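A short worksheet on the structure shown next.
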Number of protein chains: 2
Amino acid sequence: MKTPKISEAVVRRLPVYLRYLQHLVDMNIRTVSSYELGQKLDMNPAQIRKDLAYFGEFGRKGIGYEVSYLIEKIKGILKLDRNLNVALVGAGHLGIALSNYNRYTKEKMSIVAIFDTDPAKIGLSVGNMPIRHIDELDRVVKELDIRIGMITVPATAAQQVADRLVEAGVSGILNFAPVSLRVPSEVHVRSSDVTTELQALAYYID
Amino acid sequence: MKTPKISEAVVRRLPVYLRYLQHLVDMNIRTVSSYELGQKLDMNPAQIRKDLAYFGEFGRKGIGYEVSYLIEKIKGILKLDRNLNVALVGAGHLGIALSNYNRYTKEKMSIVAIFDTDPAKIGLSVGNMPIRHIDELDRVVKELDIRIGMITVPATAAQQVADRLVEAGVSGILNFAPVSLRVPSEVHVRSSDVTTELQALAYYID
DNA sequence: TAGATTGTTAATCGATTAACAATC
DNA sequence: TAGATTGTTAATCGATTAACAATC
């Protein structure tokens, strides 16, 4: 029963569970039921149980889930228990804002390099990392074993940056530029774009 | 046949179509088929036709879609042809990065107010808007007829900010804080959180 | 006209939810 | 034990894709 075929929707929900479970730890809550989780996350309890059951039997009938145990299991599933190096391309406002997303946590996933093209920025320090010229991308990605690239460059440059990241060997891209990227099917891409999100929200207004 | 019941998935794809159509205009391309769109956006042509057909007959058999006509139609559907005022709460790096998302476009949706709690920031100017104290939120939302709030505050403050926005009368929230917000069912919430996105990507690495 | 492409129905596929036996 | 809650199967619901008549 090794992961029959996990849908992206399930994978996307796991970090949401994880986040709330970590909140429960902070509140010294040891055990939680799928019903309680469902209440707090506004989700169907059956869905939560089913999502978790794809990966194993993590709960106890009549009791619920042990919070810290479930956290470890989800981290294992998402591979957050191993080091995972991330590169950020684009040292504009957004890039700098995102560069310290993990500054205060001790997660094993972390941004380890920042790139830009602007000569005025190269060498400047952001979160004690130097901004490097994008021509170093290929070399640095390989040297530091970077697996994920975050793109925070203007739309016009995004596809080109994606091509370079893929060429350098990353297997995941998180794209913040407002453009649909074309990448080989073995590379996973997630896009997050404010404009698109706001426009979708606009539909529901009034 | 007025909008039988449009799923969120459909609404989320419309801005993606719009974005690519605007790109086609820039390239002086006048007409496009669902097949071509599908190729470029990596989507099924039948899905694109079906999505559009929910709202009307925008294409011509044997020809395809007239680009600028379809743009106008999609803008109408998403209500991007009317003014829509947005408030941004949280003038940290991320907030400031997002505050100029529409600086260079002439869209009718725009950020018209920025709020924070930090006394050191109040009164400072960001994109020719003053940073206001959050205690002014209710008044300003009403005065400026703000309908959407963007939340870029730390996780610990996000729910409280959401409550204030709802209380002030917004009908949509775009949340960037890493927390699941609870809001009344009539308020639409979209969440976008780097950590969650990266963690979901991590699942596919290796 | 012949070729292309829409709009739409029907078929398929997949995801969510309900229900409940197992069991803590 | 009685009550609670899981894991899982079956039922439902919804979304995607295929197919094709209509028609430009």
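Convention: sequence-line order gives letters A, B, ...; per-chain numbering from 1. Predicted, not measured: the structure shown is a model, and the values here were computed from it.
Summarising the geometry, the separation between CD on Glu8(A) and P on dC13(C) is reported as 20 Å, rounded to the nearest angstrom. With rounding to whole Å, Gln39(B) atom CD is found 12 Å from dT5(C) atom P. Whole-Å rounding puts the Leu70(B) CG to dT6(C) P distance at 11 Å.
Within the 4.0 angstrom heavy-atom criterion, no nucleotide atom of any strand lies near Tyr35(A).
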For Val170(B) and Arg147(B), run side-chain contact (heavy atoms from CB on, under 4.5 Å): C-alpha distance rounded to whole Å, both residues' side-chain angles, the deciding distance at 0.1 Å, then the answer. CA-CA 4 Å; Val170(B) 305; Arg147(B) 305 297 184 89; 5.8 Å; no
The test is side-chain contact (heavy atoms from CB on, under 4.5 Å); show your working for Glu197(B) and Leu201(B) and say whether it passes. CA-CA 6 Å; Glu197(B) 300 278 6; Leu201(B) 261 187; over 6 Å; no
Under the criterion salt bridge (Lys or Arg N to Asp or Glu O under 4.0 Å), I'd like the reasoning laid out for Asp51(B) against Arg12(B): C-alpha separation, chi angles, the key distance, then a yes or no. CA-CA 10 Å; Asp51(B) 283 354; Arg12(B) 297 256 304 281; over 6 Å; no
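Put simply, the side chain of Val140(A) reaches to within 4.5 Å of the side chain of Arg132(A), judged on heavy atoms.
Here Ser34(B) reaches the OP1 or OP2 of dT6(C): one of its side-chain N or O atoms lies under 4.0 Å away. Distances shown here put a side-chain N or O of Tyr65(B) below 4.0 Å from the OP1 or OP2 atom of dG7(C).
For the side-chain contact (heavy atoms from CB on, under 4.5 Å) criterion with Tyr17(B), the lone passing option out of Ile71(B), Ile48(B), Leu70(B) is Ile48(B).
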How does DNA chain D look in dot-bracket notation if pairs are Watson-Crick or G-U with both distances under 3.5 Å, crossing ones as [ ], other-strand ones as |? ..||||||||||||||||||||||
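In this structure, Gly90(A) and Val153(A) approach most closely via the heavy-atom pair CA-CG1, 3.7 Å.
Comparing dC24(D), dT8(C), dT16(C) against the side chain of Glu57(B) picks out dT8(C) as the nearest.
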Between protein and nucleotides 18-22 of chain C, what N or O pairs are separated by less than 3.5 Å?
{"unit_1": "dA18(C)", "atom_1": "OP2", "unit_2": "Asn44(A)", "atom_2": "ND2", "d": "3.3"}
{"unit_1": "dA19(C)", "atom_1": "N6", "unit_2": "Arg49(A)", "atom_2": "NH2", "d": "3.1"}

Compile the donor-acceptor pairs under 3.5 Å between side chains in residues 79-86 of chain A and protein atoms, sequence neighbours left out, one pair per line.
{"unit_1": "Lys79(A)", "atom_1": "NZ", "unit_2": "Tyr203(B)", "atom_2": "O", "d": "2.5"}
{"unit_1": "Lys79(A)", "atom_1": "NZ", "unit_2": "Ile205(B)", "atom_2": "O", "d": "3.1"}
{"unit_1": "Asn85(A)", "atom_1": "ND2", "unit_2": "Leu144(A)", "atom_2": "O", "d": "2.8"}

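Dense packing is recorded around NZ of Lys121(B), with more than 12 heavy atoms of other residues, nucleotides or ligands lying under 6.0 Å away.
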